[in-house]
Amino acid sequence: MKRNVGFIYAHPDDETFGCSFLIRQIADEGGNPILLTATPGNAGKTGRLGTMTPEELAAKRRIELQQAADILGISEITHLEMGDGKLKEVDQNILAAHIADFLNRHQIEVVVTFPEDGVSGHPDHIVIHHAVNKVVLGGQAPSVQKLYYNEVRSRGDAIDKPGVLSISLGQNWKIKRDALAAHESQILSIERVFGDLLQAGPSSFADECFLLVWERGNVNPLKQERTIFDDLV
Ligand SMILES: [Zn+2]
């Protein structure tokens with residue numbers, strides 16, 4: 001049986017920034033990574049692509065996301081098409097209902113989303129964090145057994161915190177570089193975090209860290225795990 005893992009994010013590229021190694025590993029090990037992205041990401045900048053209308057940028061980012069998904073092994077993407085930068089204004093019950101529907105439709109067993117600070121503090125990220133918590137911890141998605149937040153560490157930081165799973169792709173770091181490069185319109189923010197992708201090497205990419213915050217009703221189990229599939233029933 002293929003294990004379905006749901007990644008729930010706000011914008012095209014959030015999944016690549018924080019979860020490329022994990023997603024590729026899940027796909028390579030026979031799991032099924034599935035993505036929900038809440039907005040088209042079309043209120044932002046266009047990198048070096050020049051002026052674009054919001055409609056043009058939405059279309060471009062949808063293509064970029066599909067390219068990154070193909071590189072990472074994401075099997076399916078749900079696009080909610082909610083307002084970019086405006087998730088706080090959305091009816092939170094409707095957002096939660098969409099997330100619950102996504103999780104139930106795909107019978108998702110493991111969920112990965114933003115931590116409480118949204119990684120970058122982006123308001124849309126924080127809205128997604130709370131919506132996912134509400135659905136999973138509120139029992140609206142009974143197939144879900146585990147919830148993880150993707151944590152951000154500086155390159156080279158030792159990971160010794162219990163409950164944090166650290167994923168490194170070693171020689172396959174090029175997968176993350178290529179998936180980042182697919183998000184061409186976001187190249188300026190990518191360069192701010194990862195540097196010039198043309199110069200990138202293995203040391204440009206920190207291990208990805210995932211904090212297990214909930215497992216079948218147990219909050220903060222603080223387990224040392226080998227993979228996100230450990231102890232699924
Ligand atoms: Zn984002």
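Just so you know, these numbers use all the heavy atoms, side chains as well, and skip hydrogens, waters and symmetry mates. Everything quoted here is computed from the prediction, not taken from an experiment.
Counting heavy-atom neighbours within 6.0 Å of E116 CD, excluding the residue itself, gives a total of 12 or less.
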Inset, instruction - Could you give me the CA-CA distance, side-chain angles and deciding distance for Y149 and F210, then say whether ring pair (Phe, Tyr, Trp, His ring centres under 6.0 Å) is met? - result: CA-CA 6 Å; Y149 300 154; F210 301 91; over 10 Å; no
Legend entry - Intermediate values then yes/no, side-chain contact (heavy atoms from CB on, under 4.5 Å), I8 and L103: CA-CA 10 Å; I8 301 184; L103 296 173; 3.9 Å; yes
Inset, instruction - Assess whether salt bridge (charged side-chain N to carboxylate O under 4.0 Å, His left out) is satisfied between E81 and R62, documenting all intermediate values. - result: CA-CA 11 Å; E81 307 280 358; R62 196 165 172 129; 2.6 Å; yes
Inset, instruction - Walk me through it: do K146 and E225 pass the test salt bridge (charged side-chain N to carboxylate O under 4.0 Å, His left out)? - result: CA-CA 12 Å; K146 290 189 192 185; E225 296 189 296; 2.5 Å; yes
Legend entry - Stepwise salt bridge (charged side-chain N to carboxylate O under 4.0 Å, His left out) check, E215 with K223: CA-CA 10 Å; E215 182 181 28; K223 292 164 39 168; 3.1 Å; yes
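A donor-acceptor pair shorter than 3.5 Å can be found between the side chains of Y9 and N150. For D13 and T16, the side-chain atoms include no donor-acceptor pair closer than 3.5 Å. Side-chain atoms of S185 and E64 form a donor-acceptor pair, as typed in the model, at a separation below 3.5 Å.
Using bins of under 30°, 30° to 60° and over 60° for the plane-to-plane angle, the ring pair H125/F114 lands in the parallel bin.
Between L57 and G44, the closest heavy-atom pair is CD2-O, 3.5 Å. Smallest separation of non-hydrogen atoms from A68 and A179: CB-O, 3.8 Å. Between R48 and I187, the shortest heavy-atom contact is NH1-CG2, 3.7 Å. Smallest separation of non-hydrogen atoms from G41 and H11: CA-CD2, 4.4 Å. The two atoms that bring D124 and G83 nearest to each other are OD2-O, 4.4 Å, heavy atoms only. The heavy-atom pair separating P202 from W173 by the smallest distance is CG-NE1, 3.2 Å.
Taken from CG in L222 to CG in L211, the straight-line distance is 8.0 Å, to the nearest 0.5 Å.
By the criterion of side-chain heavy atoms lying less than 4.5 angstrom apart, applied directly or through intervening Ile, Leu, Val, Met, Phe, Trp or Tyr residues, L198 is not grouped with I71; the two fall into different hydrophobic clusters.
Between R105 and D101 a salt bridge is recorded (basic side-chain N to carboxylate O distance below 4.0 Å). Between E29 and R3 there is no salt bridge, since no side-chain nitrogen of the basic residue lies less than 4.0 Å from a carboxylate oxygen of the acidic one.
By the side-chain contact (heavy atoms from CB on, under 4.5 Å) test, S143 is found to be paired with Q107, residues two or more places apart in sequence or in another chain being considered. Checked against salt bridge (charged side-chain N to carboxylate O under 4.0 Å, His left out), R24 has the following partners two or more places apart in sequence or in another chain: D28. With sequence neighbours excluded, no residue satisfies ring pair (Phe, Tyr, Trp, His ring centres under 6.0 Å) with H98.
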